[in-house]
Structures are given as C-alpha cells and as structure tokens.
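Here is how names work: the chains are called A, B, and so on, in the same order as the sequence lines, proteins then strands, and each is numbered from 1. No hydrogens, no waters, no symmetry mates; every other heavy atom, side chains included, goes into these values.
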Protein chains: 2
Amino acid sequence: MSSDNPKRVVLEGLAEIAKSLAHTHRLEILEHLAQGERSVEAVAACVGLSIANASQHLRLMRGAGVLASRRDGKHVLYRLSDPTVLNALAALRKIAELHSAQVREVIERYFRARDALEPVSRKELTRRLKKDLVTVLDVRPTDEYSAGHLPKAVNIPLGELARRLREVPKDREIIAYCRGPFCVLAFEAVALLRHRGFKARRLEDGYPEWRAAGLPVTAADPLHSRVDRAP
Amino acid sequence: MSSDNPKRVVLEGLAEIAKSLAHTHRLEILEHLAQGERSVEAVAACVGLSIANASQHLRLMRGAGVLASRRDGKHVLYRLSDPTVLNALAALRKIAELHSAQVREVIERYFRARDALEPVSRKELTRRLKKDLVTVLDVRPTDEYSAGHLPKAVNIPLGELARRLREVPKDREIIAYCRGPFCVLAFEAVALLRHRGFKARRLEDGYPEWRAAGLPVTAADPLHSRVDRAP
DNA sequence: TTCACATTCAATAACTCTATTGAATATATT
DNA sequence: AATATATTCAATAGAGTTATTGAATGTGAA
C-alpha cells in the first residue's frame with residue numbers, strides 16, 4: 001500500500017482522507033460530530049445505521065485522520081480530529097453549489113423555494129444581538145440544543161414549531177439556525193414562519209461553524225459537549 | 001442514484017466530489033492542472049497514464065464538478081473548475097499533515113530532513129522582491145515555467161541544477177519554488193543548494209497558490225497558459 | 001466472578017471502481 | 001472524400017468497498 005516514494009505516501013494519505021469523506025452516511029456522521037463528540041451508539045441512532053456499521057465508518061474515518069476518539073467508561077466517544085475538517089467540507093460544498101449539476105438543480109428547486117433571501121452572516125447577527133434587535137431560534141432537537149447553543153437562543157425543535165407558534169414574537173425579526181449548511185431544519189422553519197406572517201431569516205451555516213469561528217456559545221459542558229441520545 | 005430527498009442529493013453531490021479526489025493519480029492530475037489548462041495527452045504524459053485511462057479520470061472529475069474543459073481544435077483542454085478546488089486540497093493536506101500517521105512520519109523523515117526551515121511566505125517574498133534582496137528560482141520543467149512564472153524568476157529545472165550552479169548567485173538568498181505543496185522539486189533543490197553552501201529557502205506552496213492569491217505573474221498568455229508537452 | 005452492555009472484529013456476498021483493450025467518434029489536414 | 005490525430009466509448013477482469021451477520025473483546029456494576 002504505502003510505497004517508499006515520499007510524494008506517493010503524501011498523496012496516498014490525501015486520497016485516504018478524501019475517500020473517508022466520500023460516502024453519504026459518513027458525511028452525515030460528520031455533520032453530527034461537528035456539533036460535539038458522540039458515542040458510537042448515538043451516531044448510529046442519528047444516522048440510522050446498525051451499531052456495527054456505524055463503528056466501521058467511524059473507525060475508517062479515524063484511521064484516515066478525520067476523527068479522533070476517546071473512551072469514557074463503556075462508551076467510545078468520537079469527535080472531529082480538527083476544525084480543518086469543517087474547512088474541507090465547506091470547500092467541497094462550495095464546489096458542489098457552483099459546479100455540480102444535480103446540486104445546483106436541487107438548490108434552485110428546493111432551498112431557494114423555501115428561503116430566497118440571503119442568510120444573515122455571523123458578524124451581522126453578533127451586531128444585532130448586542131442591540132437586542134432579534135430573537136434567535138434553535139430548531140434542532142432539544143438534546144443537541146442542551147449540549148451547546150448560541151447565546152440567548154430559544155429552542156423549539158422543528159417538529160414542535162407549528163403548535164408552539166405563540167411562543168414566537170411576531171414583531172421582532174427571527175433568526176433561525178440548525179446543524180449547519182447541509183441541514184434542512186432551519187430552511188423548513190423559515191418557510192413555515194414566513195408563511196404564517198413572521199419575519200424570519202436563516203443564519204449562515206449552523207452551530208458548529210458559529211463555534212468554530214470562536215464566537216460565544218452557551219453550553220452545559222463547553223469542553224465535552226456530549227450527547228447521549230435516547231433510544 | 002439521486003433520490004428525491006434534497007438533503008440526500010446534496011450529500012450525494014459532495015460524496016461524488018470527494019470520491020473524485022480520492023485517488024492518487026487524480027490528485028497528481030490536479031496538481032498539474034493547477035498550473036494551467038492541459039490537453040488529455042499532456043496530462044497522460046505528465047502523470048504516466050495511458051491516454052484512455054487519463055481521459056476516464058478527467059471525465060470523472062469533470063462530471064463531479066471539479067474540472068471543466070473546452071475543445072481547442074483537435075485537443076480537449078481540461079482545467080480546474082474553480083480556485084476553491086485548491087482550498088479543498090489545502091484542507092485535505094492540512095488534515096493529513098496534522099493527523100495522518102503515515103504522512104506525519106514521511107514529513108518528519110523526508111521533508112524535514114531536506115529543509116528544516118519554515119518556508120518563506122508569499123507576503124514576505126513580495127516585500128523582499130520589491131527591495132531586490134533575493135533571487136527567485138523556478139525549478140519546474142522549462143515548458144511549465146514558460147506557461148507562467150513568478151516575476152523575475154530564473155528557471156533552472158531540478159535535473160539541470162547540479163551542473164548549472166555557477167548561474168546561481170552565492171551571496172544572495174535564493175528562494176526556490178515549484179508546482180505546489182505536494183511537489184518535491186523545491187525541497188530537493190533547496191537541499192542541493194544548501195549542501196553546496198548557498199543560502200536557499202523554499203517559498204510556501206508553489207506557483208498555482210501564488211497565482212490564486214492574486215499576486216503578479218509573468219506569463220506567455222496569462223489567460224490560457226497552456227502547455228503541450230513534448231513526447 | 002458473573003453479568004450486562006458498548007464496541008470491535010471477522011467472514012462474506014453484493015456491489016462499485018480501476019486499468020486495459022480495441023473500436024468508435026470528432027476535428028483538422030491533405 | 002480520405003487520412004491522421006486526439007479523444008471518448010464499451011466491454012471486461014481484477015481489485016476494492018459496503019452492509020450484514022454473529023462472535024469476540026473490553027468495561028463497569030452486581
């Protein structure tokens with residue numbers, strides 16, 4: 001496998017990393033691990049895989065250098081090895097949005113239909129938060145919210161949003177966010193809110209990118225914001 | 001293949017892009033195309049593949065959105081679809097350097113042995129070039145140099161360097177560069193020059209990154225810096 | 001120690017990717 | 001039109017990847 005030629009070794013390493021990103025299930029796993037570290041079990045439940053299968057994917061990514069893991073009692077907790085992994089995913093996404101025919105089409109047909117407006121940048125939200133001009137809405141599941149969220153964010157999971165609309169102020173602008181750029185929760189939330197007459201927009205990207213940008217977050221345990229998901 | 005679920009479509013698009021980067025030959029092709037557009041034939045010769053095999057790899061990357069192509073007479077010229085492709089490769093490389101066991105080891109054993117010093121940043125070289133304090137040395141093959149190079153750079157291909165040392169000034173600092181971060185030419189050149197008593201350092205990355213940073217270059221035809229390699 | 005639980009390992013069948021070969025197509029030149 | 005050249009297509013065998021299954025390992029609690 002790994003030859004002596006130093007250049008070849010480096011290229012093989014890169015190819016191994018790229019390969020470890022080249023599977024929809026593994027990309028979905030990365031989206032979840034971007035929120036914080038998770039046990040094999042939790043990952044399997046989130047993504048809808050068998051435990052053994054999830055374990056294999058996680059080990060493969062750890063072997064490539066994309067993930068790291070530590071043992072915590074009976075559990076093994078996996079996490080992104082490095083924030084650079086988010087950069088790699090962002091670059092792939094940009095290429096896809098600009099140059100992949102299928103992706104461009106679905107963005108046009110689905111995403112733009114739900115929220116034609118540009119998302120609010122992190123910088124802009126910081127400014128408006130300081131002046132208390134907006135309400136920040138976290139539409140992820142409650143366990144993920146608990147593990148860490150934007151300052152002053154209110155949590156209403158997307159599935160509960162329709163029947164909890166009275167909790168949402170009608171006169172202030174709502175900024176919704178979710179797991180990140182591949183997550184559809186905030187898109188759906190904004191579409192629903194707008195349809196009901198609220199002033200709603202999306203935050204650019206999601207929670208992991210906010211945290212990676214070094215912006216303040218509110219977390220139960222900021223270092224190891226672990227989530228063990230109910231079965 | 002591509003389902004209706006919009007999130008799935010996006011993830012499939014990303015996975016396809018990642019897959020198209022997940023092969024050593026394709027990474028090598030990207031390194032060459034980062035210098036400028038090339039015909040199928042030229043790519044095949046550079047990387048040492050059959051024409052049909054090179055064509056297949058190129059088409060696969062074009063299909064994913066990583067490459068674009070145009071016809072020029074009998075030739076089809078391929079190029080990177082977007083500078084973001086360089087960002088994606090840079091992110092992969094950073095992950096590899098920090099977290100891939102094999103890559104870390106070969107960097108320690110081979111690259112650091114040749115040039116333990118930090119490379120000179122583009123910013124620093126720009127500053128020193130303005131004051132005419134350094135000699136810039138392009139150690140790529142002559143045809144690649146002709147297609148575009150750094151301002152005032154002198155071209156001595158690595159293979160000729162040992163017998164053309166008298167052309168290199170001994171009293172000035174030499175800054176060597178080549179194709180980019182995966183290319184070993186500048187490393188070898190710096191090792192050779194240092195060993196012979198020259199003051200030599202590497203430029204960070206290589207020609208494509210310099211150009212992508214918007215810095216000035218000298219080129220035969222700056223827009224389509226094409227190279228048809230001799231057989 | 002024994003047990004329950006979380007994770008990993010090993011084997012395997014289905015599937016996908018790769019390089020090779022030779023034929024087919026597209027373009028420019030004669 | 002015929003020819004030469006560059007590229008692409010199609011078929012295929014060999015190699016690698018994936019999900020599934022059930023067994024094995026490691027950890028903490030009883």
Side-chain angles (χ1 to χ4, degrees), chain A residues 1-3 8 11-12 15-29 33 37-64 66-79 226-231, chain B residues 1-3 8 11-12 15-29 33 37-64 66-79 226-231:
Chain A
M1 179 178 152
S2 65
S3 90
R8 184 140 302 275
L11 292 180
E12 278 166 6
E16 195 184 346
I17 293 169
K19 215 172 277 177
S20 86
L21 307 178
H23 192 287
T24 53
H25 288 156
R26 290 199 288 268
L27 290 170
E28 223 169 332
I29 290 172
L33 292 181
E37 62 181 358
R38 301 280 160 94
S39 67
V40 175
E41 184 186 38
V43 166
C46 281
V47 182
L49 300 174
S50 74
I51 302 276
N53 193 199
S55 172
Q56 287 191 151
H57 283 305
L58 290 164
R59 276 176 40 72
L60 188 147
M61 289 193 275
R62 188 180 56 189
V66 167
L67 299 184
S69 67
R70 69 186 178 96
R71 192 172 257 281
D72 175 30
K74 280 194 272 195
H75 297 262
V76 174
L77 302 179
Y78 281 85
R79 62 181 184 278
R226 167 188 171 191
V227 175
D228 268 320
R229 191 171 282 271
Chain B
M1 179 180 154
S2 66
S3 89
R8 186 141 297 276
L11 292 179
E12 277 166 5
E16 195 185 347
I17 292 170
K19 215 172 275 177
S20 85
L21 306 179
H23 192 286
T24 53
H25 288 156
R26 290 199 286 269
L27 290 170
E28 224 170 330
I29 289 172
L33 291 181
E37 60 181 0
R38 301 279 160 94
S39 67
V40 175
E41 186 186 36
V43 166
C46 282
V47 182
L49 301 173
S50 73
I51 301 276
N53 194 200
S55 173
Q56 287 191 151
H57 283 304
L58 290 164
R59 277 177 39 73
L60 188 146
M61 289 193 275
R62 187 180 57 190
V66 167
L67 298 184
S69 67
R70 70 187 177 95
R71 193 170 257 281
D72 175 31
K74 281 193 274 194
H75 297 262
V76 175
L77 302 179
Y78 282 84
R79 63 181 183 279
R226 168 190 169 190
V227 174
D228 268 320
R229 191 172 281 270

(request) Please state whether the phosphate of C:dT7, meaning OP1 or OP2, lies under 4.0 angstrom from any side-chain nitrogen or oxygen of A:Ser55. (result) no

(message) Below the 4.0 Å mark, does D:dT18 have OP1 or OP2 next to a side-chain nitrogen or oxygen of A:His25?
(response) no

(request) Please report, rounded to the nearest Å, how far the P atom of C:dT16 is from the NE2 atom of A:His23. (result) 11 Å

(request) May I ask you to verify if any side-chain N or O of B:His75 is less than 4.0 angstrom from the OP1 or OP2 atom of D:dT5? (result) no

(request) Output yes when at least one side-chain N/O atom of A:Tyr78 is less than 4.0 Å from OP1 or OP2 of C:dT8, else no. (result) yes

(request) Specify the separation, in whole Å, of atom CG of A:Leu60 and atom P of C:dT8. (result) 13 Å

(message) Can you work out whether B:Val76 or A:Asn53 has the more 5'-proximal nearest nucleotide on DNA chain D?
(response) B:Val76

(message) In whole Å, I'd like the distance from the CD atom of B:Gln56 to the P atom of D:dA11.
(response) 13 Å

(message) Just the rounded figure in Å: distance from P of D:dA6 to CZ of B:Arg38.
(response) 17 Å

(request) Please say which of B:Arg59, B:Arg62, B:Glu37, B:Arg79 ends up in a side chain to side chain donor-acceptor pair (under 3.5 Å) with B:Ser69. (result) B:Arg62

(message) Go through it in stages, so that I can follow the logic: the residues are A:Ile51 and A:Glu41, the test is side chain to side chain contact (heavy atoms under 4.5 Å, CB included), and I'd like the CA-CA distance, side-chain angles, deciding distance and then a yes or no.
(response) CA-CA 6 Å; A:Ile51 302 276; A:Glu41 184 186 38; 4.3 Å; yes

(message) Measure CZ/A:Arg71 against P/D:dG26 and give the value in whole Å, please.
(response) 9 Å

(request) Take atom NZ of B:Lys74 and atom P of C:dA26, then tell me their distance rounded to the nearest Å. (result) 16 Å

(request) Quick one: pull up NE2 in A:His57 and CG in A:Leu67 and give me the separation to the nearest 0.5 Å. (result) 12.0 Å

(message) With a 4.0 Å cut-off on N to O distance, would you call A:Glu12 and A:Lys19 a salt bridge?
(response) no

(request) Output the single nucleotide from C:dC17, D:dT8, C:dT7 whose closest atom is nearest the side chain of B:Lys19. (result) C:dC17

(message) Of the listed nucleotides (D:dT21, D:dT7, C:dT7), which one gets closest to any side-chain atom of A:Ala52?
(response) D:dT21

(request) Check the distance between D:dT7's C1' and B:Leu58's CG and give it to me in whole angstrom. (result) 11 Å

(request) Please state whether the phosphate of D:dT7, meaning OP1 or OP2, lies under 4.0 angstrom from any side-chain nitrogen or oxygen of B:Arg59. (result) no

(request) Heavy atoms only: give me the nearest B:Ala15-A:Thr24 pair and the separation to one decimal. (result) CB-N, 4.1 Å

(request) Measure the distance from CZ on B:Arg26 to C1' on C:dC17 and round it to the nearest whole Å. (result) 8 Å

